[in-house]
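The structure displayed is predicted, hence computed values, not measured ones.
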Amino acid sequence: MFKCPYCEFSGKRSEVHHHLADGHADTLVRRIDEFTGHTFFVVTCPACNASYEQVTKKALRDPGFVQEYEFEIRLVVFDLLLYHLQGEHNIPSPLSPLPEGEGNQGE
């Protein structure tokens, strides 16, 4: 069972992933590289302050790309955060029992 690192929401990994992209976009930072013009989305781990960024190179050629695909971009960036939480902070713990009837299929 995953818990949102920003609020009390919890659920399967896919549910928390969608919740993050839908409800916590305000935790992401958007920056534009002054030399390349590429747009980056940056997520910072609330547990250790490590930052991860995802470049959106297509935004350079298509100014509407970020607006059109912003939700999908947020999913990619929050996926980086979830992998970080799993790998670096062991969240959720692989030793945590799964609720009855839940497996790891598709997670």
Side-chain angles (χ1 to χ4, degrees):
M1 195 68 128
F2 279 75
K3 183 184 173 305
C4 175
Y6 302 110
C7 70
E8 295 302 313
F9 183 87
S10 63
K12 295 179 188 176
R13 186 188 193 282
S14 59
E15 294 167 340
V16 173
H17 187 206
H18 192 273
H19 163 79
L20 286 166
D22 196 40
H24 295 290
D26 61 329
T27 63
L28 301 179
V29 173
R30 187 187 307 189
R31 75 171 180 86
I32 298 175
D33 185 274
E34 64 183 72
F35 297 110
T36 66
H38 291 137
T39 301
F40 290 82
F41 282 78
V42 182
V43 64
T44 301
C45 175
C48 70
N49 291 325
S51 292
Y52 296 89
E53 58 184 34
Q54 180 66 42
V55 64
T56 54
K57 293 180 183 179
K58 289 184 180 181
L60 187 60
R61 294 184 302 275
D62 180 2
F65 179 83
V66 171
Q67 185 176 359
E68 186 174 347
Y69 294 101
E70 187 168 0
F71 183 77
E72 290 82 1
I73 294 168
R74 290 193 315 251
L75 282 172
V76 170
V77 178
F78 280 120
D79 206 28
L80 295 173
L81 176 62
L82 288 174
Y83 280 124
H84 168 79
L85 290 171
Q86 287 177 276
E88 299 298 321
H89 300 292
N90 205 29
I91 299 171
S93 169
L95 301 177
S96 298
L98 290 172
E100 190 173 324
E102 288 193 24
N104 289 329
Q105 297 169 337
E107 296 298 315

*Would you indicate whether the side-chain heavy atoms of Arg13 and Asp79 approach each other to under 4.5 Å?*
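Yes, close enough: below the 4.5 Å cut-off.
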
*Report yes if some heavy atom in the side chain of Phe2 is under 4.5 Å from a heavy atom in the side chain of His17; otherwise report no.*
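Answer no - side chains too far apart.
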
*Any chance CD of Gln67 has more than 12 other-residue heavy atoms, nucleotides or ligands included, within less than 6.0 Å?*
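Counting other residues, nucleotides and ligands, CD of Gln67 stays at 12 neighbours or fewer.
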
*Does OH belonging to Tyr6 count more than 12 external heavy atoms closer than 6.0 Å?*
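Result for OH/Tyr6: enclosed.
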
Please report the closest heavy-atom contact between [X] and [Y], naming both atoms and the distance.
X     : Y     : value
Lys12 : Met1  : N-SD, 4.2 Å
Ala21 : Leu75 : CB-CD2, 3.6 Å
Val77 : Val42 : CG1-C, 4.5 Å
Ile32 : Gly37 : CG2-O, 3.6 Å
Arg30 : Phe41 : NE-CZ, 3.4 Å
Pro46 : Leu81 : CD-CD1, 4.2 Å

*List the steps, then state whether side chain to side chain contact (heavy atoms under 4.5 Å, CB included) holds for Glu88 with Cys45.*
CA-CA 10 Å; Glu88 299 298 321; Cys45 175; over 6 Å; no

*Identify, with sequence neighbours excluded, every residue that meets side-chain hydrogen bond (donor to acceptor under 3.5 Å, both in side chains) alongside His38.*
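Applying side-chain hydrogen bond (donor to acceptor under 3.5 Å, both in side chains) to His38 gives Thr36.
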
*Could you state the interatomic distance from CG (Asp22) to CZ (Arg74), rounded to the nearest 0.5 Å?*
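These two atoms lie 7.0 Å from each other.
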
_Would you compute the distance between atom CZ of Phe40 and atom CD of Gln54 and round it to the nearest 0.5 angstrom?_
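It is 9.0 Å, given to the nearest 0.5 Å.
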
*Only pairs at least two apart or in different chains count here, so list each ring pair (Phe, Tyr, Trp, His ring centres under 6.0 Å) that has a residue in residues 45-78.*
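Non-adjacent pairs meeting ring pair (Phe, Tyr, Trp, His ring centres under 6.0 Å): His18-Phe71, Tyr52-His84, Phe65-Tyr69.
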
*Look only at the side chain of Thr39 and the backbone of Thr56, and say whether a donor-acceptor pair between them is shorter than 3.5 Å.*
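No, Thr39 side chain to Thr56 backbone: no donor-acceptor pair under 3.5 Å.
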
_Electrostatic pair Lys58:Glu68 at N-O distance under 4.0 angstrom_ =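 Between Glu68 and Lys58 there is no salt bridge, as every charged N stays at least 4.0 Å from the carboxylate O atoms.
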
*Side-chain ion pair, Asp33 and Lys57, N-O less than 4.0 Å*: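 Judged by the 4.0 Å cut-off on N to carboxylate O distance, Asp33 and Lys57 do not form a salt bridge.
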
*Can you say whether the rings of His19 and His24 are parallel (under 30°), tilted (30 to 60°) or perpendicular (over 60°)?*
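Plane angle over 60°, so perpendicular.
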
